[in-house]
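Quick notes on the structure that follows.
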Amino acid sequence: MALLDLDPTVVATARELAARAAEPVVALAKAHTTVAVERATLRLAGITGADSTHRAGDVPWVNRVVDTVRDHCGLEHGVVLPVFHALKQHDLATLTDLAEATAAGQIRYTLPEGRDRERARKAATTAVTKGLRTVDRNRAQRDRLVARLGDPPQRPWIYLIVATGDIDEDVVQARNAARAGADVIAVIRSTGQSLLDYVPEGATHHGFAGTYATQENFRIMRAALDEVSKEVGRYVRLTNYASGLCMPEIAVLAGLQRLDMMLNDSMYGILFRDINPIRTFVDQRFSRQVHARAGIVINTGEDNYLTTADAVDAAHTVTVSQLLNEHFAHEAGLPDHLLGLGHAFEINPKVPESFRLELAHALLARELFPDAPLKWMPPTKHMTGDVFNGYLLDGFFNLAGVLTGQSILLVGMMTEAVVTPFLSDRDLALANVRYVLNAAGGLAEDFRPAPDGLIVKRAHQVLGEAVDLLGRIVEDGLLDAIADGTFGLMKRPADGGRGADGVVEKADGYANPASELLEAR
Amino acid sequence: MALLDLDPTVVATARELAARAAEPVVALAKAHTTVAVERATLRLAGITGADSTHRAGDVPWVNRVVDTVRDHCGLEHGVVLPVFHALKQHDLATLTDLAEATAAGQIRYTLPEGRDRERARKAATTAVTKGLRTVDRNRAQRDRLVARLGDPPQRPWIYLIVATGDIDEDVVQARNAARAGADVIAVIRSTGQSLLDYVPEGATHHGFAGTYATQENFRIMRAALDEVSKEVGRYVRLTNYASGLCMPEIAVLAGLQRLDMMLNDSMYGILFRDINPIRTFVDQRFSRQVHARAGIVINTGEDNYLTTADAVDAAHTVTVSQLLNEHFAHEAGLPDHLLGLGHAFEINPKVPESFRLELAHALLARELFPDAPLKWMPPTKHMTGDVFNGYLLDGFFNLAGVLTGQSILLVGMMTEAVVTPFLSDRDLALANVRYVLNAAGGLAEDFRPAPDGLIVKRAHQVLGEAVDLLGRIVEDGLLDAIADGTFGLMKRPADGGRGADGVVEKADGYANPASELLEAR
Amino acid sequence: MKRHVRPYGDTTGDGMVQTSFTLPVPAGPQADGAAQQLANKMGIDPAMVVHSHPIGDDFTFFVVYGSVRHLVDLDEVRVVQREYPLLSPTEVNTALKKLLRRKLVVVGACIGTDAHTVGIDAILNIKGFAGEKGLEYYRELTVVNLGAQVSVPELVRRARDGKADAVLVSQVVTQRDAHLLNTREMAAAFREAMGERRPLLIAGGPRFDPLMAAELGVDRVFGRGTTPGEVASYLVHAMHTRAVHTSAVQTRKDNA
Amino acid sequence: MKRHVRPYGDTTGDGMVQTSFTLPVPAGPQADGAAQQLANKMGIDPAMVVHSHPIGDDFTFFVVYGSVRHLVDLDEVRVVQREYPLLSPTEVNTALKKLLRRKLVVVGACIGTDAHTVGIDAILNIKGFAGEKGLEYYRELTVVNLGAQVSVPELVRRARDGKADAVLVSQVVTQRDAHLLNTREMAAAFREAMGERRPLLIAGGPRFDPLMAAELGVDRVFGRGTTPGEVASYLVHAMHTRAVHTSAVQTRKDNA
Ligand code: B12
Ligand code: B12
Ligand SMILES: Cc1ncc(COP(=O)(O)O)c(C=O)c1O
Ligand SMILES: Cc1ncc(COP(=O)(O)O)c(C=O)c1O
């Protein structure tokens, strides 16, 4: 039931402007590849493992191979042609064998031509297809498990983070959280991983304020959650981050290990990790294609803007970003039901009527994106060491979630301003959510924003400001808008940022069976 | 704005039934006096002080006098005739002189006849009139201070308890509470005071879980609050208890010391202190007449029922009791704006939709008594040692108060199940209230219970059950209903309970200038 | 399970605790330092003063997090272990019938100025507590519930007149140790009035520490969350012990 | 004010504190006893375990209230006292101009893998914090803000190239003592690279204890709630001290 009485033509205008603003960026994304996209492709084709003899620590084989190919013949035609050509030439059984040989300096990569090229291409397609089949199987398996065990009985789904830095402790905490009512577990990443241009290997135990995203950690946690899912009688979902310099690869690993949701934003890396904009948009498009194939819900990161910008002043930038994320996602093949667009309860609680303003913003998102599983993020910026008040604020956040029909509730922690969550924080936070859902679950029925009241007016105002801003972005170009500090007050020029040297303009003969197979759908 | 669409004829029926149920009890109250009413009268007439030489500890002079009069000539004609007759006979200057002489065994009280009687009566009337003039002056002074300093800028008013047992510590806490936003300070009484058949004297420092209600303590606290009122720029109100065996006397002391609100319920003493029902109803009527004169808001105690009975099952008993309290109060001369009818947020938070049920109950009270300054009591029974959850529950209580337009909010403490409030509990509790009032103050505008929804249905149901119960009470008699455990599950027969021997049937020539002057208005 | 454990924040052995308190000092760096010092004295080190808030001009409220150095030695934990089996009402009735051949008389009250009857009612009234029926439900128990604010002399009189086998008193108000004072006074009065032949004395209430029975002069203390069944089972156990003891005394006397 | 104070619940000297923690033991009386023991070891006596709640099968969460026996000795409180006056921006500018006759160069960064720039931006950006303008606003300061996740070698290089007088680093992530490790590493690198001639080193972040400066090898540490004005005033003070010190050294050298 629509409560805000949004004007459908204004909404349509907003979407149209977002599409126009995104257009040049999509074109850029199509015209380029990146080292990460190429590595992701090889991962789909079956390469695994790392070079543990290397003096810089474990270097994944895929990095060795892609770096060497780039050295030898460039990446503008894609990595698969040289790689599968070399495999054939040296008559090696697996990509890992090839990687070892590469490390030993035995391989000289060249771009195959003519029939060699066709053969390499075909072999690559076969290999990638096999990888995609695993992804498809995982998707089917998820569907089966959900059918058997069931989805959470209530909305919003309850989303909890674990962040010990040690996958084994994470498992303890995740299990207990699931038993206490969590529907989704997110394993927070170690600081710094997003700037690594490789994905670490194996089970890890020494992250800082989070645990490394690795294929093995994914596997361990998904297995633990499968077990606890049976115990609690509902399918408990697992989330990680397809973000940072390895966004496409992590998306592939998520597909291979049946993760269910991934943090994946079109601009987060640019704004908050100072990653090169082009790199980000290219990586983002590929990773979303993978997510679409894997049936993974993406979580976008608009909440972050409100930690650096003011939640009232910058409310419309959240809306603009959601519209952009929506467009980029649709363009990459993600349907609405996989669009976990983000937004957050971050207004300074000292602002008069702050709770009603939150309701206005949350309702606006809800009515703009009625079919998207919106992800509602808790207060963080205005949390303090006063854990009692923090607990209260989280309660009102939960209430706002219930009143405005949010789909996924990231559970806030009273220790937000103090430490990464304690076991007991999570337990208390869940008790908070349970109370609110149980006691006021149906209150939305009685929530009818006054037609000309603060809430309705505010929502209209924010939408209006969003349309205006989109208009300006269409004129100036999205890249310039980003460079100007439009989002989260972060200024990121298109040619700056990390990972820019990993961007490669595609040559005419560029071949990538992964892209092709994913694009085909 | 009426949200519940209550049927006015049902409401009228409810009031009519309450009046009929109360009728015989009012008649009883008019036909009797009590030792406490007589003492109260003498206090109005100017007696003060205590016999500190008595071996049982300080015995107020007024008790010595009334007890002796009763011994000598009974109380059925009222205490003033023998007393003022004796005063004249012995040519004593003050009632205190008379009391001293009484203690020394020098006075033999007799009932004066003829002109002596008229003289005594006149002298008594003059004395009592003087006392009432002090009460009137205090009322005028309150009006002046409110006009000068102002009422709280918001509704609900914020009502906080202090309960250290030591009047000096109470002052510290009350001052800080006022500075932190309290609009009303209630000094909780020591356990056991309600069963004392006298009012202690002087400043006290050794109460248990509360401070003794004494005239001097009243004075000290009112003076402290006058000071802080100036500082904070609003008139901070003071509350105590006109309750227990000395209800009428304490009402008088409150009038004499400019207290602003008094806990005063028609049945609390019966149910929760096992005080004789007749005693209670007689004392109650007199004390309410005093409150009416003094412009003191009474606070009724329906919240208490929900600590012994279930808040859902017994919701209608709250409504019934409110209607009875309203009738008794009107009958005693209290206008609507002095009727702080009580109700509470005491539903087990584990009950599904508990918050909405609370809203239904709170809204019912609001719409039944639109002009009464309703007093909304926080959760106590279902508070536990989990202070975090307690803080949250108090937040939702505050929200319910705001959504349903309550007038006076008794602020809940997170340590409810642990200790009498710490200084910090009060500070945190006020922060909680401030957040809710500031962040969601206007949310009532958006709260529109669905016409056929849970809230509206529940309110209608409770009102229906209340009407049914009132019907049964009219048939069986209120005293029998009380004996049967109708309220708070406490069974109190009309002839049981403490203080029964202090009830005296009035003789034909009963004289009491206080009653007459108060009744006259 | 290990013998020694530490508090758990998010990693085994991290020792993390939260604490909050108010100090009578004006807010500021000096106050934060004072809070830090107190936390250190409590064994929290490092201690993070994560929140401080003035309460008026003279007080400051603090929230502190940190790692406490103490180890909990589980072998040294002292608790009152239930040394008797939990019986069903039927078992209680059968055992009492066999033991006494008459009904056991229980007198209950909330003493002193305490008027909180919900707790003792939860134990005594048929309605009971936590799904268990109260003692009134037991066929072999005669329950006399005196209600609230019963003075100690009155209680002794009623217990004696009613030939009480057991007296159950409740104490909920604890400010200024009211519960301890009243319970001690009650035990002394029974000792004085009846000596050896005094009934079994049982005290209960949410803030009692069950370890304190001896110190308070009563036979048993029940704390928060007690259920009627626990109390009934204890009565059987205690009466049994008394019977054995009395018959031993009797035998000794007979032999003398 | 008295020298010795105790926590205040509702009466002077009552010592009341609240604490909560989780123990890795299954819920039950034994667990409550363990909580009681820990509270006692923290100096809380009597300690009331007012809440215990199982977290899964292996953990129990507790809330404890009670009176802590420790006294806070206010004379023994150690805090970093601001030993310099708080100056207005104009005063800062005047003092620096007089002292240096050139602009003071400040290089700021959030080092290691820490990406929390809001804190350092609050100090450096014009926008500032708590109503005070940031250091960029000061005419006599040249501010270079390197942003987030700056590696230590990179920071040293930029500081040297920019002839930084002062280097300001922010550390917000503290899990596994990341902030301490990174700050120590930074201080060591500057010592190594520049010895005596290293710039003034200032660390800041919400969980730092200002007492730790020496231990971390930096000149000053700022904690939660720092304002730009405090930092600017400190810069004047420190540059002044340095100038005096340097000129003393200079004088000594001249005399040698
Ligand atoms: C209900 C209640 C009331 C009701 C009591 C109605 C009644 N007829 O009992 C009313 C509203 C009348 C009331 C009044 C007051 N109350 Co009151 N009340 C409460 C409340 C909300 C709940 C208590 C309760 O019923 N618990 C439920 C029962 C089932 O639990 P329980 O008592 O712990 O009993 C269990 C066990 O302890 C044990 N047990 C208890 N007794 C016994 C006895 C035996 C023999 C055994 C075996 C076991 C046993 O078994 C029970 C079942 O498990 C508490 C706060 C809270 N949430 O705890 C405050 C509380 C107890 N009240 C308090 C106070 C101060 C008062 C007043 C004094 C305030 C005032 N000055 O006006 C008054 C006066 C009362 C008086 N003279 O004693 C304080 C006590 C503070 C302290 N620790 O000293 C509390 C903690 C609130 C607070 N934080 O201030 N109160
Ligand atoms: C905003 C924020 C973010 C933003 C940061 C955006 C940005 N560009 O800075 C985003 C969303 C990106 C983010 C991400 C993460 N965050 Co974060 N984040 C916060 C948050 C909500 C607020 C921090 C803040 O901005 N405070 C406001 C500023 C003004 O205060 P301040 O930093 O204390 O600074 C003041 C003083 O300390 C001092 N100061 C600070 N630095 C300096 C330096 C100098 C030289 C001086 C003089 C003074 C000074 O002056 C400032 C003004 O008074 C806190 C929670 C909280 N409420 O505190 C979590 C928090 C800091 N984040 C945390 C974590 C774990 C993360 C992540 C690692 C989570 C993850 N794994 O994904 C990521 C990754 C970040 C990374 N690699 O470092 C944890 C850290 C836990 C810990 N103690 O170790 C916190 C505490 C949340 C939590 N409880 O889990 N985060
Ligand atoms: C969209 C998005 N991606 C990634 C992250 C985490 O990123 P990193 O691991 O780069 O710190 C966040 C932070 O919450 C996010 O919101
Ligand atoms: C109406 C009323 N009167 C009196 C009291 C307190 O009574 P006493 O002092 O008798 O314990 C209460 C308790 O809160 C009450 O609600």
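Nothing here was measured: the structure is a model prediction, and the numbers come from that model. Heavy-atom basis, side chains included; hydrogens, waters and symmetry copies ignored. Lettering follows sequence order; numbering is per chain, from 1.
Ring-centre distance between Phe447(B) and Phe447(A): not below the 6.0 Å cut-off. The six-membered or imidazole ring of Tyr435(A) lies near that of Phe396(B), with a centre-to-centre distance under 6.0 Å. The ring of Trp376(B) has its center no closer than 6.0 angstrom to the ring center of Tyr159(B).
Of the listed residues (Gly441(A), Pro449(A), Gly453(A), Gly390(A)), the one with the most heavy-atom contacts under 4.5 Å to chain B is Pro449(A). In terms of heavy-atom pairs under 4.5 Å with chain A, the best-connected choice from Pro451(B), Ala431(B), Gly395(B), Ala450(B) is Ala450(B).
Both the backbone and the side chain of Leu443(B) come within less than 4.5 Å of a heavy atom in chain A. Contact of Val351(B) with chain A is made through the backbone alone, with heavy-atom distances under 4.5 Å. Of the two parts of Leu359(B), only the side chain, counted from C-beta on, holds a non-hydrogen atom closer than 4.5 Å to a non-hydrogen atom of chain A. Neither the backbone nor the side chain of Asp394(B) comes within less than 4.5 Å of any heavy atom in chain A.
No donor-acceptor distance shorter than 3.5 angstrom exists from the side chain of Arg458(A) to the backbone of Leu357(A), with no hydrogens or angles considered.
Asp183(B) and Tyr235(B) form no side-chain donor-acceptor contact under 3.5 Å, judged by distance and modelled atom types alone.
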